[in-house]
Amino acid sequence: MTPNQNMSTKFRGALRNELAIWIQKGIVTEETATQLSTAYELDNLRHESTRLLSAVIFTIGGLLLGGGLISFVAANWEGIPTPIKLALLFSALLGLHTVGFWLWHSKNWRRLGHALIFCGCLVFGANIGLVAQIFHISSNWYGGFGVWALGSLVMAWAVRSWIIGVLVLSTSFIWFVGFQSDQEQLASSYPLILAISLLPLAWIICSRVLHAGTLLGIIMAACVLAGYQGSGRQLLFTMAAGGMFMWTLGEFHRASEWRTEFGNITGGLGLGLLAVTAYVWSFHYLWDQLVFGPMRSLWAFLFFSLSIAFSLLMWARGRQGQALLTAGVLLAGGILCASSLLSGASANTSNGEFLFTVTTNLAALILAAIIIGVGLLDERRLAFWLGSLYLVLLILSRFLEYETSLLAKSVAFLACGVTVIIAGISYEKYLRRKAAGLEAHKEEVGYE
Amino acid sequence: MSKRASLVAFIVAVVIQILILVAVPARKVFTMATGKTVVLKVQPVDPYSILSGYYATLRFDISRIDAFPNARGMSQGFPDGAWFYAIVEKGDEGTWKPISLEHELPADLPDNRAALLGRINHGAIRYGIEEFYIPEAQRHRIAEDLSRNVDKARVEIKVDRSGHTALDRLRIEDRIYE
């Protein structure tokens, strides 16, 4: 049995320390402790702690090695005959891949092997550029990124690598940005291609970074398409619906047994995207300048429908714990979507801009309350502070946006500063009280 | 995945990457090997920013649509992305001059004519030979030579039977840059 992926190394470390005390106190038998130790792979903890560091060091080493090889070849470019240049490029690629695979599978140097294969994929991209130079190939600037992404995608699947998956995500997105300016119709299928090619990989290898990154890439691509069509309200609808979709999907992961470890990061990014959207559109100036173009983004409607579907699924499963937060997020997202949809109908109304500025500010305030709420309910300090700062940013932005007297501005700044400090102190006290209560409870059950 | 399956998947991925790297210059290599040599006069685009990165941006007489006498009479216009065959003819000075634009590849061209496949891009015709990559050490020398002697600058390209082009070398008087 493998440990639940949601159990952090910190939790397992604490459990290992506690087990020794529990055995001493007679709370658990040695047999039960052994079972727990096996279930949570506590013996592996020592090795795991150094794994992340080694992975980072090996990856940086691989990057430097790749950069060094390419620079060496480029530095001697003039003096090297073309066949030798090509031989060097192909040798570097094959060498890195072969040694990487051999170390990974034959010598059990998994992380070093992984880093070298990743480096091989970087060299593959550099080789595309260098080959184009050798033969004076003049093409669209983004074409090389497209073939780089294609070659790396095959390798990401072959070696089940999340970091090569992230490379595919980055290079394919750069290609998409260039391609959609030339071929808008064809480019509109990019989010679907991204979903098909990377989400199953993230799922199989259980990579939170690749999963959340791909979802964000899909939504950003839909936003680029919406923005390129020249409609500001379509962009707002796509961003808001995308944020709602990520939040509800994250909550769905948390509520269900399907990849619960994807829940926090997906939901967090969704909430962040909604907060950014609400903040950007909270400025009156933007509504004043908004282009009332057509609303034809299928992706935005798909995100919206999926977020409703996931909410209903959670409702059907009877998940109560986060119901208030989810309702709040849907309300804020719904306000943003409704503002976008209704703004087209009120294009000729003189006070339309004022109305939608108010609604987006209201959505932003709800989101600030939700982020602070997450910090309080889940005892997540970062969420509490980010929510507080977001609220302060909103208030200060309004004071700086509109013409107010210096005295009013001064009062606003002072009030915000004092409120943040008082809220922070109250929150820290609340956490300490809770920790003290837990300690007292432990002492009651005979734990020293 | 079993070790054998991992190995097979890995080999397939490496082979695909190699095939992509081979495919990138394949068309140019074929054109260089089988094509006819055509010499074009270089037009300065902007003498003050002729180098961008490590390559020189080149324009030719045949980059301009109005350089072809029959262009005005073409009813379908020149929308972005449209493909054309530019027919050029060898002149007395050894450089090739624009003759006409065609939608189809002409069946029989005499030896002193060639058809270059080009695409409309922002009101100009691009043939895929507009960027000449320069070694870092020669960058400033070539830029200076180009800006001083732009009337004498020529590029030698290869054109294959289907109209595809490949840039071979840049020549300024007797100085050759490859």
Side-chain angles (χ1 to χ4, degrees), chain A residues 71 74-80 82 86 89-90 93-94 96-98 100-102 104-106 113 117 120-121 123-141 143-144 146-161 164 181-183 204-205, chain B residues 1-32 52-58 80-81 119 121-122 126-139 155-158 165-170 177-178:
Chain A
S71 300
N76 296 278
W77 216 229
E78 279 179 83
I80 305 172
T82 300
L86 291 172
L89 297 181
F90 280 93
L93 179 74
L94 281 172
L96 284 164
H97 279 331
T98 311
F101 191 81
W102 175 71
W104 188 338
H105 288 274
S106 301
I117 293 174
C121 285
V123 167
F124 168 66
N127 281 0
I128 292 168
L130 290 171
V131 166
Q133 277 192 20
I134 293 170
F135 293 97
H136 298 293
I137 295 169
S138 165
S139 180
N140 294 318
W141 64 267
V147 286
W148 187 2
L150 191 66
S152 301
L153 176 66
V154 184
M155 186 57 80
W157 272 96
V159 299
R160 301 283 197 268
S161 163
I164 301 176
S181 63
D182 283 344
Q183 304 277 341
I204 290 168
I205 62 178
Chain B
M1 231 179 358
S2 71
K3 202 170 180 178
R4 188 181 169 82
S6 299
L7 182 64
V8 171
F10 174 73
I11 290 171
V12 168
V14 173
V15 168
I16 287 173
Q17 287 195 350
I18 299 281
L19 286 177
I20 288 173
L21 279 178
V22 171
V24 167
R27 178 87 243 176
K28 294 283 175 185
V29 171
F30 175 78
T31 303
M32 289 290 284
S52 176
Y54 293 174
Y55 61 86
T57 306
L58 307 173
D80 251 18
R119 201 173 192 193
N121 185 279
H122 300 296
R126 283 182 64 92
Y127 300 91
I129 48 172
E130 287 78 8
E131 282 157 12
F132 183 77
Y133 289 93
I134 301 171
E136 189 181 7
Q138 293 187 38
R139 194 152 61 110
V155 289
E156 290 181 16
I157 64 167
K158 296 278 187 182
T165 52
L167 182 54
D168 190 8
R169 56 189 185 174
L170 173 69
Y177 303 106
E178 291 180 298

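Note that these values count all heavy atoms, side chains included, but never hydrogens, waters or copies made by symmetry. We name chains A, B, ... by the order of the sequence lines, and we start the count at 1 in each one.
Residue contact with chain B, scored on non-hydrogen atoms closer than 4.5 Å, is absent for A:Leu153. Contact annotation for A:Leu93: only side-chain heavy atoms (C-beta onward) come within less than 4.5 Å of a heavy atom of chain B. Of the two parts of B:Leu7, the backbone and the side chain both hold a non-hydrogen atom closer than 4.5 Å to a non-hydrogen atom of chain A. Interface remark: A:Leu86 contributes no atoms to any contact with chain B (heavy atom separation under 4.5 Å). Heavy-atom distances place the side chain of B:Arg119, and not its backbone, under 4.5 Å from chain A. Residue contact with chain A, scored on non-hydrogen atoms closer than 4.5 Å, involves the side chain of B:Ile16 exclusively.
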Item to check | side chain to side chain contact (heavy atoms under 4.5 Å, CB included) between B:Val14 and A:Met155, worked out | outcome: CA-CA 7 Å; B:Val14 173; A:Met155 186 57 80; 3.7 Å; yes
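Highest contact tally toward chain B, considering only A:His97, A:Gln183, A:His105, is held by A:His97 [criterion: heavy-atom pairs under 4.5 Å].
Taking the six-membered ring for Trp and thresholds of 30 and 60 degrees, A:Phe101 and B:Phe10 have nearly parallel ring planes, at less than 30 degrees apart.
Pairing each heavy atom of A:Ala158 with each of B:Ala13, the nearest pair is CB-CB, 3.7 Å.
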Only pairs under 3.5 Å count here: list side-chain donor-acceptor contacts from residues 19-29 of chain B, not counting sequence neighbours, and write none if there are none.
residue, atom, partner, partner atom, Å
B:Arg27, NH2, B:Asp160, OD2, 2.7
B:Arg27, NH2, B:Ser162, OG, 3.2
B:Arg27, NH2, B:His164, ND1, 3.3
B:Lys28, NZ, B:Gly128, O, 3.2
B:Lys28, NZ, B:Thr165, O, 2.8

